[in-house]
Structures are given as structure tokens and as C-alpha cells.
Amino acid sequence: MLRTHTCGELDKTHVGDTVTLCGWVDSYRDHGGGLFVDLRDRYGLVQVAFNPPDTSPVEIEASKQLRAEYVIKVTGRVAERPPGKANPNLTTGDIEVRATQLELLNKSKTPPVSPSAAKQDLPGEDLRLEHRYLDLRRPEMQRVLMLRDRIVKGMRDYFAEHDFIDVETPCLGRSTPEGARDYLVPSRVHPGNFYALPQSPQLYKQILMIAGYDRYVQVARCFRDEDLRADRQPEFTQLDLEMSFVDADDVIGEIDGLCQKLAKEELGLDLQLPLPRMTYDEAMRRFGHDAPDLRFGLEIIDCTDLAPKSDFGVFKNVVAGGGFVRAINVKKGTEQYSRRGIDGLTEFVQGLGAKGLAWFRCEEDGKLGSTIAKFFSDEVLAEFAERLGAEAGDLILFSAADWDMTCKVLHALRTKVGREMKLYDPQAMHFSWVVEFPMFAQDEETGHWAAMHHPFTAPLDEHVPLLETDPGKCRAKAYDLVINGSEAGGGTIRIHDAAVQSQVFSLLGIDAATADDRFGFLLHALQYGAPPHGGIALGIDRWVMLFGRLDSIRDCIAFPKTQKATDLMTEAPGEVDARQLKELSLKINV
RNA sequence: GGCGCCGUAGCUCAAUUGGUUAGAGUACUGGACUGUCGAUCCAGUGGUUGCGGGUUCGAGUCCCGUCGGCGUCGCCA
């Protein structure tokens, strides 16, 4: 080792010791007769003093060449700082290292991204990504990567203690047409054929259950070639697990325990178990979303039955057409949202596809007022006010449309208003489950049914008859873990009954030949003694994002990709040699 | 693919209604300084205003296109 100690570990107990440190020059303060260097490594920051008489004139002269991010090795004696010179902002602020020897290990060009930059001086994200090795030197990035390390380790330890075994599954698999777009890898040995990178280890983990490994877990990299978002990357990491001889409650209970453990360890939070659960239908009714943010209320209130009592054409027509009129009551919202502010909200919902935004203000006398109030009689206005619990200063925002659009609009409004009116503590963490998702969603144009989760998801036992009579009402043994309005994990119990499986396939329009072609290996395996099984996958990147209170998933990943799925540091993806293409029997057509 | 925001010195930003030679802080270079910790003080270097076109007497500013970054809708079983 070139060093005897790390920069962060020194304190008063080391006073008098001679130490050798290695690290990067975080900053330097040249004082003429001597100078001070803040030396940084992964463990912290310590002040190194190059002052007479401890430091020789030769070493002081050499120290004047130091610049930001130079890598040095320093030997010196740990000393208590002179009275009144301690720095309370530094954990090592009581002491300093009085240098006797300086060795320059490496120079640095002037860094375009400064690891010691204050938050408001943080360079643009494109620069940070291009020079990620500098960005990752920032204490904040180190905090996040270390948090990530502890979360993953905490998960691994937890499942190891619960008798799960870690099994690796292939990255080179077979493309299945369902779900997200695949990343493809061409095969050299089989010209014209392709592997697909896994969207998740779904099929393999089911095979492992059939193979008798009744508790499987893996930290698995997953790939989906879809457009990116602030919380979505093309490759991401899941804590994937599967269990045999279980029902939904068992899987949920297992994850409940994990949440409790990690919330305690990382957030100091005591979670009451079981975590709250809500059905999908209730979530959509009360919050308009399958992953509601339960840190605050602002629930949706249905006014569909009242709407036709008005003479307001929009309401009447929507209801007559089978649509819904629903609203949120923004308590004291008129202070935050003036007429101009409401115009802004109108533009906001129009951007989501809404035709407009109907609204009421509750006046001082408790009556509802609005540009549309003239279409409502006093009696009907009073009915609305009562239904909505309107009090002076409240702002009522409506969505009148089909069910899906009212959900989309009111969820977006609720999220926006909740954030803008600070209806919750940004430090708060809320864990809950949404359960019993629909089995199928119907394509509006074709009328075809599509699996909401995947085609192996089991329906609720009592809903099996609905597969024949009313698939849209059929609910699944599916469950999503929701943290602060973010989907932090999701899973299902799988079908292990061949008859139910073929029923689902036929509903999805997958005939026997197609099913055999796509996932024949799984269907075959299911015929050799498949245990009832189910599992879940947790989005590790999102867990880190939520536990670390970060706004972007890119800040939780050491080397993330941009919105266009490029790596600004390596400049991936890139072109390849003609020779490589020839070996793969590929021709580029652009 | 649609919509929106952004792009000015190495970095973070400013630049009035379209108007003189595009400024500031920081970094960098040189100098001064024996206790600083965002050190301080003096001086200096540093610009294809992302790129291309257009409008105009005149464009960092307005228009069109394009590239890049971000957000969002579609998409993400």
C-alpha cells in the first residue's frame, strides 16, 4: 500500500502519528510562505498544511505546483489545529496533516467537471456524463453509489437468510414477440438468426420452479428497447425472485419484511406490517392511477350522476355518451391558482389530450362560481358543493370524458397540484400494494384482448369462469409495490393449470402452434410436474432513486444512457467494421 | 413519432424593444502575501453565441431547418 491511512478516517486520536496519505487535490490555498491543500479520497477530506517549520522550503516550493485533481502522496505528522482554527464543516476539521514529504503521483488537466462544485454550479448533465470519471468523484455521487451497494447487499442478505438461492440466467435468450421491443444480438454461427437480451428472467425463473429450486433470487440486468423517461433506462437492474407452493399473500409478505428491514436500516423508519393494500379498481376510482402517491389525499370525487342535472352541454353530452364526470377538490386552491393559473392548468390537461378544463371556485358565501356557473341552477350547484365538500377558497377541477381519460387527467392534475401546493413532506416515504390487476386490456381499434401483465399470469380463482363470460372483468393474482407514487416492483402468481393456460392463450388469439413456437419449452416443462408458483421483481434503480430522494434514475447508475440511449462517455452505440458485419451475414440498410 | 424547455469564455450564468467593441463570477497564467478553509489583493489570457440558411441598415436576440441535452404524451406484456 502506498498509504497508511485514508483521508476521511483521521481525527484527534491520531495526533502525533506520522501518516502517509494518497488522494486528489480538492482545493489549494496558496499563502505565499506556505499553503494548504484539501486532500480528498473516497473516505473524506483532510487538510494538509505545507507550512514552515514542519515543511521544508523545497517541499513548499514543490507544493506550489499542485492544481485541482492532481494525485499526490503526502507524508506528515497529524497535529491538532491551532486554537480557533478548527473547521467544524469537516469531519476531520479538528486536525491537519503537517507535510514533510510530497510526491506527485499524477497531474490532471483542468477538469471540465469539478468534483468540489457547489450544487448551483453543477455543470450540465451532458458534460457530467461525458466526463463521468470526474462526476463520480463528487461526494453526492459517491453517497448514491454507496447507498445502492447497501440496498443490494441488504436485499441479498435478506433473501439468503430466507433460504433463497441465487441462480444466474442467460443474457443471450430467445426473442418473444410479447411486451417491450427486444434488444437483438445477431448470431454468427446461425446466419440470419438472433438472440434477444432479456426483458426480465421471467421464463427462466418459472423453469427453475419446475426444476424444484423453490426459492430463487437474482440481481438481474434487464433490457427494453423503448423510449426513455426520468425513471426509465434501456438497461436496468431487477431484484428478481420466484417461489413455489405460494399464493400472492406469501410473496407480498416476503417483500413486506424486506421493506421493513431496508426502511429501518436506510431511512430510520419503522414500517407497520402488513403494508397497506388496495385493489387496482379502488386505486383507479380514488386516484386515477395504478400506482397512486399516498403521501397526500386529494382524492377523486365522482359527480357523473349529478352532471346531467345541469344545462352544461359538455357534462350532459359526456354522460349521455357513457362517459364520466369526476373531480378533485383542491382545498384553498384559489390562493395558489388565479385565473391565469387555471389557464395554465387548462393548457396542461390539453397537452394530455383533454378537450378542456371545467372548474369551480368556492366563494366566501360557500357558493360555487365559474364561467360555467350560469348553466347550473342554485339547487344543483348546492348539490355539487355538498358532494365535493366545497368550502370557501376551494378550487374544483373537473374531468369529463371516458373513464380512461378522466383517470389520466385527474391523476396528472392531482400529482401536479400535490407537488406545487406542497401537500406532502418531500422527505416522507409511503409504501403500499396495489393488487388484483385486470387480466386483460382490450385494444380499442381491433377489439382484441391483450395480457396486461404477461400471458402466464393466473386469474383470481373465483374469476376463472369470467375467462369465458366477461374477460374484461377478470382480475389477476397480480401485485405491484408502490413507493411514493412510483412502481417499485411488480409480480404475479403464474398459471400452473394447463386448461386455464390454453383458455388464456385462446383468448389472446394465440393458437396452439403459435404458443408452441414462442414458448414451447415452458409449455413442455409445465407438463412435467409444475408446482404452483409466483414471484416478483423489484426495480433496484428506482429503489435507490426513492431511498436517495433523487429526481433522475441516471443519478442512481454509475454509467447511464441519455434519452436517445447513447453513452456520452464511450459514444456507444457505434459503427462496426465491414468485416464484423460480413461474419454476421448482416447488411446495413440506412 | 408528437408537444415543450434549453444550447453564449474550460465551467456556471448575464446581455433592456433587434442597436456601440458580447460582460460577470469561477477556473487558468503571472505577481504579492506566514494560518487559510468559497483565502485575499493586483494584472493578464480566454468567444465560429451548437451548426446551416433566412428576414433586416443591423441578429446572441426574430423566422425556418438541423444536431445535441432534458421533460412529457404515445410506447414501456
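Numbers restart at 1 for each chain; the letters A, B, ... are given by sequence-line order, proteins then strands.
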Asks: Out of curiosity, A/Leu134 CG to A/Glu69 CD, how far, rounded to the nearest 0.5 Å?
Replies: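 Reported value, rounded in 0.5 Å steps: 6.5 Å.
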Asks: Which label fits A/Phe505 and A/Phe519: parallel for a plane angle under 30°, tilted from 30 to 60°, or perpendicular past 60°?
Replies: parallel
Asks: Check if the side chain of A/Arg229 and the base of B/G74 share a donor-acceptor pair of N or O atoms closer than 3.5 Å.
Replies: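 Looking at the base of B/G74, it does pair with a donor or acceptor on the side chain of A/Arg229 (distance under 3.5 Å).
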Asks: Need one value for A/Thr176: base, sugar-phosphate or nothing, where a base atom within 4.0 Å counts as base even if backbone is also close, heavy atoms only.
Replies: nothing
Asks: Would you be so kind as to tabulate the donor-acceptor pairs closer than 3.5 Å made by side chains of residues 106-120 of chain A, with sequence neighbours excluded?
Replies:
{"from": "A/Ser114", "atom 1": "OG", "to": "A/Ser116", "atom 2": "N", "distance (Å)": "3.3"}
{"from": "A/Ser114", "atom 1": "OG", "to": "A/Ser116", "atom 2": "OG", "distance (Å)": "3.2"}

Asks: Could one point to a donor on the side chain of A/Asp227 or the base of B/G74 with an acceptor on the other under 3.5 Å away?
Replies: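 Counting by modelled atom types and ignoring angles, a donor-acceptor contact under 3.5 Å is found here.
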Asks: On RNA chain B, does the nearest nucleotide to A/Lys561 precede the nearest nucleotide to A/Gln199 from the 5' side, or the other way round? Give the residue.
Replies: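 Looking at RNA chain B, the more 5' nearest nucleotide goes with A/Lys561.
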Asks: Closest to the A/Gln563 side chain: B/G1, B/G71, B/C28?
Replies: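 Of all the options, the side chain of A/Gln563 is nearest to B/G71.
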Asks: Students often get this wrong, so: under 4.0 angstrom with heavy atoms, is A/Lys564 touching a base, only sugar-phosphate, or nothing?
Replies: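 Sugar-phosphate only.
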Asks: When you check the gap from the basic side-chain N to the acidic O, do A/Arg340 and A/Asp343 get nearer than 4.0 Å?
Replies: no
Asks: May I ask you to say whether A/Arg29 pairs ionically with A/Asp38, meaning some side-chain N is under 4.0 Å from a carboxylate O?
Replies: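 Salt bridge present between A/Arg29 and A/Asp38.
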Asks: For B/C28, give the paired nucleotide (Watson-Crick: N1-N3 plus N6-O4 or O6-N4; G-U: N1-O2 and O6-N3; both under 3.5 Å), or none.
Replies: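 Pair assignment: B/C28 / B/G44.
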Asks: Whole-Å distance between B/C70 P and A/Glu125 CD?
Replies: 6 Å
Asks: Of all the choices, B/G71, B/G69, B/C75, which nucleotide is nearest to the side chain of A/Leu568 once you look at every atom?
Replies: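 Out of B/G71, B/G69, B/C75, the nucleotide with an atom closest to A/Leu568's side chain is B/G69.
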Asks: Give the B/S/- string for nucleotides 32-41 of chain B, one per nucleotide from 5' to 3', where a protein heavy atom under 4.0 Å of the base yields B, of only the sugar-phosphate yields S, and otherwise -.
Replies: -BBBBB-B--
Asks: Indicate, with a heavy-atom threshold strictly under 4.0 Å, whether A/Gly124 touches base, sugar-phosphate, or nothing.
Replies: sugar-phosphate
Asks: Return the 5'-most residue of the pair A/Arg232, A/Lys408 with respect to RNA chain B, ranking by each residue's nearest nucleotide.
Replies: A/Lys408
Asks: Measuring from the side chain of A/Thr110 (C-beta onward, heavy atoms only), which nucleotide among B/G1, B/C28, B/U12 has the closest atom?
Replies: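 Closest of the options to the side chain of A/Thr110: B/C28.
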Asks: Of the listed nucleotides (B/C75, B/G69, B/U12), which one gets closest to any side-chain atom of A/Thr566?
Replies: B/G69
Asks: So does A/Asp555 pair up with A/Arg138, basic N to acidic O under 4.0 Å?
Replies: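 Judged by the 4.0 Å cut-off on N to carboxylate O distance, A/Asp555 and A/Arg138 do not form a salt bridge.
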